[in-house]
Protein chains: 2
Amino acid sequence: MTTGPPASDDAPRTPTAPPRRRPTMKDIAARAGVSPSAVSFALNDRDGVSPGTRARIREVAEELGWQPNSAARALSGERSDCVGLVLARPARTLGVESFFLQLVSGIQEALAARRVALLFQVVEDLDAECATYRRWWAERRVDGVLVVDPRTEDPRPALLASLALPTVVIGDTQLGPGTVAAPGAGATPGTTPPQQPTPTLSPAPLSTIWADDAAAMRSIIDHLHALGHRRIVHIAGLPGLAHTERRVAALRAEAARLGLDARDVRSVCTDYSDEQGAEATRRLLATPHPPTAIVYDNDVMAVAGAAVAAGRGVPVPGALSIVAWDDSPLCRVTHPRLTSLVRDTAGFGRLAAQELLSLLDGAPTRRLQAELPHLEHRESTTRAP
Amino acid sequence: MTTGPPASDDAPRTPTAPPRRRPTMKDIAARAGVSPSAVSFALNDRDGVSPGTRARIREVAEELGWQPNSAARALSGERSDCVGLVLARPARTLGVESFFLQLVSGIQEALAARRVALLFQVVEDLDAECATYRRWWAERRVDGVLVVDPRTEDPRPALLASLALPTVVIGDTQLGPGTVAAPGAGATPGTTPPQQPTPTLSPAPLSTIWADDAAAMRSIIDHLHALGHRRIVHIAGLPGLAHTERRVAALRAEAARLGLDARDVRSVCTDYSDEQGAEATRRLLATPHPPTAIVYDNDVMAVAGAAVAAGRGVPVPGALSIVAWDDSPLCRVTHPRLTSLVRDTAGFGRLAAQELLSLLDGAPTRRLQAELPHLEHRESTTRAP
DNA sequence: CCGTTCACCTAATGCGGTTTAGCAACCAAG
DNA sequence: CTTGGTTGCTAAACCGCATTAGGTGAACGG
């Protein structure tokens with residue numbers, strides 16, 4: 001025995017209790033009368049074991065309730081069966097959005113099926129997020145990571161590539177409509193143009209799950225335009241985020257297409273907090289020609305905005321139509337209930353996690369498009385006054 | 001073989017890039033001209049190394065950017081530097097409450113300081129939660145766990161005790177005021193042999209962080225009572241949860257103390273969802289003698305209830321006062337803003353995580369009381385009509 | 001002056017798996 | 001009856017770290 005002190009931390013100390021030592025493959029081997037290697041082969045579906053022996057080993061393993069020691073696996077197998085997710089949001093905006101827990105819930109569904117665990121970390125900012133990746137990499141904690149809130153100038157893909165951590169970006173770092181075939185993903189080596197020195201030569205696979213924000217924005221604007229709205233403001237989220245920029249660009253493009261004035265149809269950026277959503281709404285309603293419709297980039301700001309309107313005596317939807325990007329129970333508890341863009345967030349997470357598992361299996365990188373969201377018409381939108 | 005191609009997953013494939021193999025202690029040893037054991041001693045602050053050598057080794061480790069391989073540590077050191085948190089909530093009620101992300105955020109603060117990671121899992125129900133603990137135990141994934149949403153009849157403490165997993169229960173399984181010293185910690189009902197020599201010999205340490213729900217409920221009821229309210233309904237959460245039962249009991253006791261009729265002051269259980277919160281409110285307002293004040297067990301139901309009142313033309317707080325248990329931005333975006341019970345949820349999580357770390361260090365189990373919450377008076381409560 | 005202690009370091013072992021090399025038995029072919 | 005190739009298994013090395021048992025030289029005490 002290597003443990004000098006008689007009782008190590010979680011060894012069974014009570015002699016009365018049944019020995020609760022976790023069974024190892026050696027135990028199985030002894031019980032089945034074979035060598036540990038045979039057990040390893042049998043349980044990992046590798047050949048070199050006869051069907052009969054395999055069955056017997058499986059039986060004993062079952063009987064003993066054996067489960068692989070993840071640390072030992074990680075040490076020799078070079079994989080930890082663990083993926084990471086870092087959420088970098090200032091504490092202030094934490095915990096109000098329904099988005100993340102839904103996303104995580106979907107992610108887990110996909111991971112659980114493969115016995116892969118999720119390492120989760122909440123940090124304050126992007127620097128801390130990068131530090132977390134470095135630490136996870138150095139400690140071999142994770143096999144890959146899921147990246148959320150991609151930005152227009154995002155250091156993370158390059159960092160993760162240099163760390164050789166398989167990655168799935170949830171959302172898209174690209175501004176364009178996303179029809180380009182896997183530009184940053186390092187699709188096939190050899191054809192890399194020399195202009196981009198390192199990023200194309202990515203040592204780590206990186207896939208992207210993208211949502212067609214432009215199409216979604218079009219559907220919202222078309223809906224409002226059809227209702228006669230001509231002054232529409234988009235209260236956006238954090239300006240650095242790629243999807244914010246995409247939505248802003250999409251709004252501008254759509255306004256141009258419809259021949260609407262850029263002063264009447266525009267975006268205002270916020271930090272996603274209820275305070276800034278309310279403040280922006282207050283400012284807009286105080287202008288001489290207030291918008292007749294406001295599109296909010298999340299549910300919390302939409303609810304906050306609706307409250308501001310109510311507080312100022314601006315009837316919704318009579319004088320102001322409201323659309324929330326992202327549905328949640330919040331949008332249904334207000335009065336009137338908010339028209340909102342419904343996305344299958346859990347499904348989004350599931351898709352991302354499945355893609356990461358594929359990458360870990362060696363599948364080629366991809367750009368996957370998430371299901372198109374749809375606009376759920378409720379009472380907060382109506383004809384322009 | 002897990003990977004078809006000969007190159008292993010994270011071996012440096014690009015000759016141009018610097019060899020990105022993670023440095024090991026052996027590398028440090030070679031570079032510092034000592035044996036690997038000396039490196040281990042030096043980096044773990046064990047004696048047996050001279051100050052000079054120790055400094056040199058530290059320097060080299062720093063220079064190489066060495067970080068311990070968590071798998072190897074876990075394998076030999078018997079600790080994974082990882083703790084687990086399982087959230088068992090039906091998907092429907094997920095992601096609306098602000099509570100969990102705040103809690104997790106606080107937990108991480110405490111864990112990050114000690115380089116302990118958090119394994120996070122969202123599951124559907126209690127059975128799945130228990131299965132997760134078993135799996136984590138079998139796979140040696142975690143050194144300990146944080147348990148949330150304790151119930152009155154809770155199988156988890158016994159399970160975790162039998163698995164010898166150090167545990168901190170966030171909230172309290174007890175119904176009473178909580179002065180009893182950790183009674184349910186080591187009791188394993190089924191396996192207790194008749195001799196039973198030492199009941200204090202608990203197989204796994206279990207600490208509890210408890211919040212004084214009774215005092216909190218008293219402060220709310222006293223506030224409402226002082227405002228003249230005599231018909232007060234408490235729209236509670238899930239009936240199985242210990243804190244729900246505590247609040248219900250506290251309400252009953254307080255009503256008795258104030259000499260209020262149990263038909264006028266009572267609790268109604270829900271599942272925390274906005275739907276049930278709204279439905280309960282609707283039913284209450286339709287009775288011949290509707291309550292003049294409602295206390296909601298979470299923010300989402302409170303907002304939903306306020307919306308129902310608004311929809312039915314019941315002025316808040318004119319005809320109905322509303323109190324939300326747990327503050328969040330939600331309570332500030334409604335109109336009027338909701339009076340709510342403010343707790344330091346992140347602090348709660350921090351405390352729990354610190355306690356778990358203490359347990360892992362071998363500290364004795366404790367019952368810690370969380371900071372008392374306070375009632376934030378806003379516009380949703382006023383004198384009874 | 002020699003045995004003992006002590007400080008400092010090295011060698012070796014084990015954690016629980018995976019993986020490669022090797023070995024015995026069996027079968028078909030020569 | 002030997003040869004060569006499978007088949008089915010075992011032995012052994014290894015992953016990166018912690019730990020324990022040795023082993024060396026210097027200081028020390030008698």
Side-chain angles (χ1 to χ4, degrees), chain A residues 1-6 8-11 21-30 32-57 61 64 66-81 115 137-141, chain B residues 1-4 6 8-11 21-30 32-57 61 64 66-81 115 137-141 143:
Chain A
M1 257 302 85
T2 56
T3 53
S8 85
D9 282 318
D10 52 3
R21 199 175 62 82
R22 291 114 159 162
T24 70
M25 297 204 326
K26 219 184 287 180
D27 300 325
I28 300 177
V34 293
S35 72
S37 334
V39 175
S40 177
F41 290 142
L43 295 176
N44 288 310
D45 282 322
R46 301 177 49 137
D47 44 358
V49 197
S50 70
T53 310
R54 189 185 300 273
R56 192 155 39 86
I57 289 174
L64 259 49
W66 177 84
Q67 299 280 120
N69 178 327
S70 57
R73 272 237 165 114
L75 190 55
S76 63
E78 306 254 321
R79 59 187 313 172
S80 61
D81 283 335
R115 318 206 119 209
W137 171 81
E139 297 178 348
R140 284 82 155 172
R141 284 262 192 204
Chain B
M1 67 162 196
T2 52
T3 55
S8 89
D9 283 314
D10 51 5
R21 197 177 64 83
R22 291 115 158 162
T24 71
M25 297 204 323
K26 216 186 287 181
D27 299 325
I28 299 177
V34 293
S35 73
S37 332
V39 175
S40 178
F41 289 141
L43 296 176
N44 287 310
D45 281 324
R46 301 180 49 130
D47 44 359
V49 198
S50 69
T53 311
R54 189 185 300 273
R56 192 156 40 87
I57 289 174
L64 258 50
W66 177 84
Q67 299 281 117
N69 178 327
S70 58
R73 271 237 166 117
L75 191 54
S76 65
E78 307 254 320
R79 60 187 311 172
S80 62
D81 282 335
R115 319 206 118 208
W137 171 81
E139 296 178 349
R140 283 83 153 172
R141 285 262 192 203
D143 298 328

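Protein chains get the first letters and strands the later ones, always in sequence-line order, with residue 1 at the start of each. Predicted model only: the values in this text are computed from it and were never measured.
As rounded to whole Å, 16 Å separates atom C1' of C:dG17 from atom CG of A:Leu64. In this structure, B:Lys26 atom NZ and D:dA18 atom P are separated by 14 Å, rounded to whole Å. Separating the CZ atom of A:Arg79 from the P atom of C:dT19 is a distance of 11 Å, rounded to the nearest angstrom. Remark: P of C:dC15 and CG of A:Asp27 are 11 Å apart, rounded to the nearest angstrom. One interatomic measurement links the two molecules: CG of B:Asn69 to P of D:dC15, which rounds to 12 Å at whole-angstrom precision. Rounded to an integer number of Å, the gap from B:Arg22 CZ to D:dC15 P is 15 Å. Between A:Arg54 atom CZ and D:dT7 atom P there is a gap of 13 Å when expressed in whole angstrom units. In this structure, B:Phe41 places its CZ atom 12 Å from C1' of D:dG22, rounding to the nearest Å.
Remark: A:Ser35 OG to A:Met25 CE distance equals 9.0 Å, nearest 0.5 Å. Taking OG of B:Ser70 as the reference point, atom CG of B:Leu75 lies at 11.0 Å (rounded to 0.5 Å). With rounding to the nearest 0.5 Å, the separation of CG in B:Leu64 from CD1 in B:Ile28 is 6.0 Å. Taking CZ of B:Arg73 as the reference point, atom CZ of A:Arg140 lies at 11.5 Å (rounded to 0.5 Å). Between the CZ atom in B:Arg22 and the CG atom in B:Asp27 there is a gap of 13.0 Å [rounded to 0.5 Å].
Residues that satisfy the salt bridge (Lys or Arg N to Asp or Glu O under 4.0 Å) test with B:Arg46, not counting sequence neighbours, are absent from this structure. Considering only residues two or more places apart in sequence or on other chains, B:Asp47 meets the salt bridge (Lys or Arg N to Asp or Glu O under 4.0 Å) condition with none of them. Qualifying side-chain hydrogen bond (donor to acceptor under 3.5 Å, both in side chains) partners for B:Ser80, counting only residues two or more places apart in sequence or in other chains: B:Asp143.
For the pair B:Leu75 and B:Ala38, nearest-nucleotide mapping onto DNA chain C gives the more 5' position to B:Ala38. When each of B:Pro36 and B:Ala72 is assigned the nucleotide of DNA chain D bearing its nearest heavy atom, the one mapping closer to the 5' terminus is B:Ala72.
When all heavy atoms of A:Arg54 and A:Phe41 are compared, the pair lying nearest together is NH1-O, 3.7 Å. B:Ile57 and B:Ala38 make their closest contact through CD1-O, 3.8 Å (heavy atoms, listed as atom of the first residue, atom of the second, distance). In terms of heavy atoms, A:Ala42 sits closest to A:Val49 at N-CG2, 3.9 Å.
Contact annotation for B:Val39: no contact, since no heavy-atom pair falls under 4.0 Å across all strands. As judged by a 4.0 angstrom heavy-atom cut-off over every strand, A:Glu139 is placed among residues making no nucleic acid contact. Within 4.0 Å of A:Thr24, counting heavy atoms only, lie sugar-phosphate atoms of the nucleic acid but no base atom. When heavy atoms are screened at a 4.0 angstrom cut-off, A:Met25 is found touching base atoms of the nucleic acid.
Checking the phosphate oxygens (OP1, OP2) of C:dT18, a side-chain nitrogen or oxygen of A:Ser40 falls inside 4.0 Å. The side chain of A:Ser76 contributes no N or O atom lying less than 4.0 Å from OP1 or OP2 of C:dT18. A sub-4.0 Å separation between OP1 or OP2 of C:dG16 and a side-chain N or O of A:Arg73 is absent. Remark: A:Trp66 is not in phosphate contact with C:dG16, judged by side-chain N or O atoms under 4.0 Å from OP1 or OP2. For A:Ser35 and D:dA11, the shortest distance from a side-chain N or O to OP1 or OP2 is not below 4.0 Å.
Side-chain atoms of A:Ser40 never come within 3.5 Å of backbone atoms of A:Pro36 as a donor-acceptor pair (strictly under, hydrogens ignored). Side chain of A:Arg115 to backbone of A:Asp81: no donor-acceptor contact under 3.5 angstrom is found.
Residues from residues 43-52 of chain B that place a heavy atom under 4.0 Å from any atom of DNA chain D, listed by number: B:Asn44, B:Arg46.
Where the helix from C:dC1-D:dG30 to C:dG30-D:dC1 starts and where it ends, the local axes point in directions that differ by 70°; five pairs per end, rounded to 10°.
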Between the protein and nucleotides 4-6 of chain C, list the N/O to N/O atom pairs that are separated by less than 3.5 angstrom.
none

